[in-house]
Amino acid sequence: MPDTSDKSEAVDGAHVSNSGPLKLKKIRFSAFQHELNVQQRPVSYNGVISAIAPDKKRRRKRVKLRGIDMFRLLRPYVQVRFSDQVKAVLPLAIYLNLFQILILRQNISEPWVVMLGLIAIIAGLMMFMEGLKHGLMPFSESIGAILPAKSPLPVVLLVAMLLGIVVTLAEPAIGALQIAGAMIQPESAPYLYEILNHWSGMLVFVIGLGVGLAAVAGTLRFLYGLSLKPLICLALLPALFLSWQMAGDPYLAEMIGLAWDCGAVTTGPVTVPLVLALGIGIAGAAGKGGSPLSGFGIVTLASLFPVTGVLLLANHVAAVTSPDEIIAAAQATTRLVSEISWYEQSPMQEILAGLRAILPLVGFLLLVLYYLIGEKLRNASVTIYGISLCLIGMIVFSLGLTYGLTNLGSQSGSLVPATFSHIDSVTDSPLYLFGIGITVTALFAWFLGFGATLAEPALNTLGMTVENLTQGAFRKSTLIYAVSIGVGLGLTAGVLKVVFAWPLAWMLIPGYLLAAVLTLFSSEEFVNIAWDSAGVTTGPVTVPLVLAMGVGLGDAVSAMEGFGILAMASIGPILSVLATGLWIKWSVYRKRANEDIQTSLAAGETS
Amino acid sequence: MKYNEIAVLTDIALITCIVQRGKADDIVRAAQAAGASGATVHFARGSGIRERLGILGVAVEVEKEVISILASTDHVDHIFEVMHKAAQLDTPGMGLMYVTPVEKAATHIPPEVLERLRGKK
Amino acid sequence: MTSDKRSRLITCIIPKGNGLQTLEKLKSELGLLRAHVHLARGTASNAPKALHGLVEHAEKETLEVITDYADADAIFAFLFESLHISEPYNGIMYMQPLGRSTGYELSELPGTADPV
């Protein structure tokens with residue numbers, strides 16, 4: 001501490017002294033405050049370094065931690081990961097519980113199983129996300145970064161194409177759609193019945209081809225620095241045109257919903273991180289785009305290209321067979337009730353599904369690494385640790401879904417129609433007046449969409465990637481909320497479509513046209529984020545829940561088919577995220593305009 | 001447009017603070033409450049403390065955030081202390097902070113502010 | 001002002017967009033190679049407080065250039081003009097003395113002329 005002689009001199013100076021006028025010594029106030037307030041003790045860093053230098057055997061001394069230090073270190077590590085997943089999953093679970101108990105006045109069957117299932121979901125998600133971060137994403141990003149350097153352009157495109165196909169085969173959420181197809185009567189929707197039951201292999205292939213072409217188009221986009229906007233318009237045009245044409249024919253119109261739903265369900269929780277990371281790697285190494293988000297776009301195109309493919313397939317099926325033939329053939333064959341083999345039952349089914357989702361993709365990437373790039377796996381132990389964590393997490397997550405959320409969702413989803421119409425299993429249904437029942441159903445759908453999207457792991461990954469690439473300017477949490485609100489709105493629209501039997505084309509085409517208009521006005525970054533996040537929603541959490549609800553609703557209102565809800569749920573987030581982007585742009589512009597007015601006013605005053 | 005003179009700002013120091021990812025916002029808020037005007041943050045990756053914490057090392061986030069704040073030399077010590085407290089830098093693994101001298105800086109200065117400052121000299 | 005002959009580090013924090021272009025300009029017009037750009041986010045007081053999440057305008061680029069003592073002021077002025085720092089919302093730039101710095105040369109690839 002410095003001595004206070006300076007101050008006392010100032011004080012002394014105030015006294016009248018014999019020798020002449022007052023002398024005032026000036027001291028800066030900040031120096032005074034500094035001495036009063038600053039409590040710093042200088043310690044030489046040289047001394048610190050020599051104290052912690054490694055001993056003769058090159059071992060570093062362990063740091064001694066106080067109890068409070070250990071707590072401060074561990075608490076954020078565990079708490080953040082746990083609370084992230086709890087925040088994602090719990091709202092949906094609580095909501096479904098309350099809805100069933102309060103609104104539907106039904107008890108929840110097997111509550112303990114559901115509870116365990118929910119815990120499994122949270123634990124599985126924690127492991128899956130951690131495994132992604134340490135293993136799968138760095139792995140594919142590094143491959144993407146080296147690939148353009150070691151291989152010529154056609155080979156890179158071929159890898160992209162094959163990846164797209166392998167990805168679809170690994171995660172065919174098509175299976176979920178086929179379950180929905182099982183309820184379809186050949187008499188009421190012949191072509192739909194035909195496609196789902198006899199052309200399913202072709203369907204999966206067409207979708208895979210669409211995703212592969214999307215991967216190629218996306219890769220070309222980064223390599224040449226093209227904007228995503230024209231590509232989106234190019235992808236939308238044939239799909240919208242075909243939908244509009246098919247809307248006229250009642251038999252063809254029933255397949256529009258299926259086509260758009262197929263597009264919506266591609267790219268699941270394993271595909272998205274892999275494709276994103278690969279794209280970012282390629283874009284960073286070889287791309288011409290200056291924006292950090294130029295690696296996005298494949299997911300968008302992977303959701304749009306298959307739609308056109310399926311619509312074309314639908315037209316082909318319509319040309320090749322006729323409704324009468326289909327109905328006749330269906331009546332002739334007796335459908336055998338096949339024995340469900342042990343590997344199709346849960347829990348084995350989830351384990352196999354988890355293995356099937358991750359291992360082929362990892363194997364494919366490893367092949368690319370060894371043969372095309374010719375390098376060994378770097379950081380092998382960390383990567384293997386990450387991938388195994390992903391695998392275990394995925395399996396636990398799927399098991400938890402089946403026993404927990406989907407169980408819960410099917411219970412409430414299939415009973416929701418009881419609010420406005422009669423269902424045998426629910427005593428004194430309809431529970432409410434028709435108008436109120438419909439409103440309750442619509443609200444149910446909104447909250448379901450919102451809650452399920454919060455829990456989607458693929459959206460979580462997308463949000464994390466966006467946050468990383470923009471150095472935190474775009475927060476993951478806000479993106480997730482914006483998307484979830486959009487999905488809620490879309491889901492509500494889809495549910496109303498099923499209940500009131502509105503033609504899907506009339507809702508889809510204006511919806512996508514509006515999205516295209518907003519796209520034109522938005523910045524490239526927001527366009528990248530919005531369309532990709534729409535492609536990413538409708539994943540393992542949302543799809544089963546929506547289908548359970550859709551089947552129940554379709555039964556209750558005797559609808560021909562329950563498709564189209566997922567497609568509507570995909571338009572919602574595009575609109576909500578783009579609208580948010582435009583609103584932010586406008587807010588910033590307005591705030592700066594205000595500030596400029598204020599500064600010019602102030603200038604006017606002083607001059 | 002050529003400038004005949006550029007108004008440069010003096011008596012500035014740069015505070016750089018490196019913390020675990022996710023903590024930057026709280027520290028920036030504390031610094032701004034203490035008088036800092038702006039802050040710039042970017043991501044980085046760090047090593048060093050993990051190996052010396054033993055098993056607890058896994059809890060230290062490898063990903064870092066680097067905060068850069070320009071402060072006037074009058075206030076730099078106060079802001080430094082506020083940030084130190086907010087970041088809990090006495091706990092091992094929480095991060096580090098340093099101050100470097102800045103020779104001069106330049107930014108947009110509203111014309112009437114410039115006039116007033118010139119008038120004072 | 002200091003009278004030491006140390007190298008200087010000029011740092012410019014600017015809105016996202018012009019970083020790579022400016023890097024090219026430094027190379028082609030001034031022959032400067034010791035420069036790099038990275039992304040950052042800015043939390044300036046002019047950010048609307050309610051928009052804590054998706055704030056696109058908060059994205060910044062940080063451009064750092066190492067110069068010799070003799071050229072420092074000239075390059076400072078050059079950057080000031082070409083980045084339009086004097087206009088509002090265009091960022092801030094500052095210069096710091098460096099203890100030590102190394103040179104940086106790009107090697108000629110065999111069979112290629114000096115790329116511009």
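Small disclaimer: the values here were computed from a predicted structure and weren't measured. Here is how names work: the chains are called A, B, and so on, in the same order as the sequence lines, proteins then strands, and each is numbered from 1.
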message = Going by the rule salt bridge (Lys or Arg N to Asp or Glu O under 4.0 Å), which residues pair with B/D90 if we only count those two or more places apart in sequence or in a different chain?
response =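 Only A/R66, A/R72 meet the salt bridge (Lys or Arg N to Asp or Glu O under 4.0 Å) criterion with B/D90.
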
Region of [X] in contact with chain C, defined by heavy-atom distances below 4.5 Å:
X      : value
B/L70  : side chain
B/L14  : side chain
B/V102 : both

inquiry  = Is C/L39 in contact with chain B via its backbone, its side chain, both, or neither, using a 4.5 Å heavy-atom distance?
reply    =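 Contact with chain B is through the backbone of C/L39 alone.
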
task = Please look at C/A77 and chain B and tell me whether the side chain, the backbone, both or neither of the residue comes under 4.5 angstrom of a heavy atom of that chain.
result =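 The answer is both parts of C/A77.
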
message = Can you confirm whether C/H38 is buried at NE2, in the sense that more than 12 heavy atoms of other residues, nucleotides or ligands lie under 6.0 Å from that atom?
response =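 Yes.
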
key: For B/D11, side chain to side chain donor-acceptor pair (under 3.5 Å) partners two or more places apart   =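 B/D11: no side chain to side chain donor-acceptor pair (under 3.5 Å) contacts found.
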
ask   = Less than 4.0 Å between a side-chain N and a carboxylate O, is that true for C/R41 and B/E65?
value =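 So B/E65 pairs with C/R41 through a salt bridge.
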
Nearest-0.5 Å distance, CD1 of residue B/I109 to CD1 of residue C/I85 =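 Rounded to the nearest 0.5 Å, the CD1-CD1 separation comes to 12.0 Å.
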
task = Report the residue from C/R6, C/Q96, C/R8 that forms a side chain to side chain donor-acceptor pair (under 3.5 Å) with B/E103.
result =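 Filter result, single survivor: C/R8.
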
query = C/F76 and B/V8: side-chain contact (heavy atoms from CB on, under 4.5 Å), yes or no, with the steps?
reply = CA-CA 10 Å; C/F76 192 88; B/V8 288; 3.9 Å; yes

inquiry  = Tell me if a side-chain donor or acceptor on B/T107 pairs with a main-chain N or O of C/G91 at a distance below 3.5 Å.
reply    =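 Confirmed, B/T107 side chain pairs with C/G91 backbone.
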
message = Tell me if a side-chain donor or acceptor on B/H42 pairs with a main-chain N or O of C/A40 at a distance below 3.5 Å.
response =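 Not a single qualifying donor-acceptor pair exists.
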
query = Does the side chain of B/H108 reach to within under 4.5 Å of the side chain of C/S86, using non-hydrogen atoms?
reply =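 Side-chain contact under 4.5 Å: no.
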
task = List the steps, then state whether side-chain contact (heavy atoms from CB on, under 4.5 Å) holds for B/K104 with C/D73.
result = CA-CA 10 Å; B/K104 50 166 130 349; C/D73 284 333; 2.7 Å; yes

query = How close do B/P101 and C/P97 get, heavy atom to heavy atom, and via which atoms?
reply =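 Looking at all heavy atoms of both residues, the closest pair is O-CD, 3.8 Å.
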
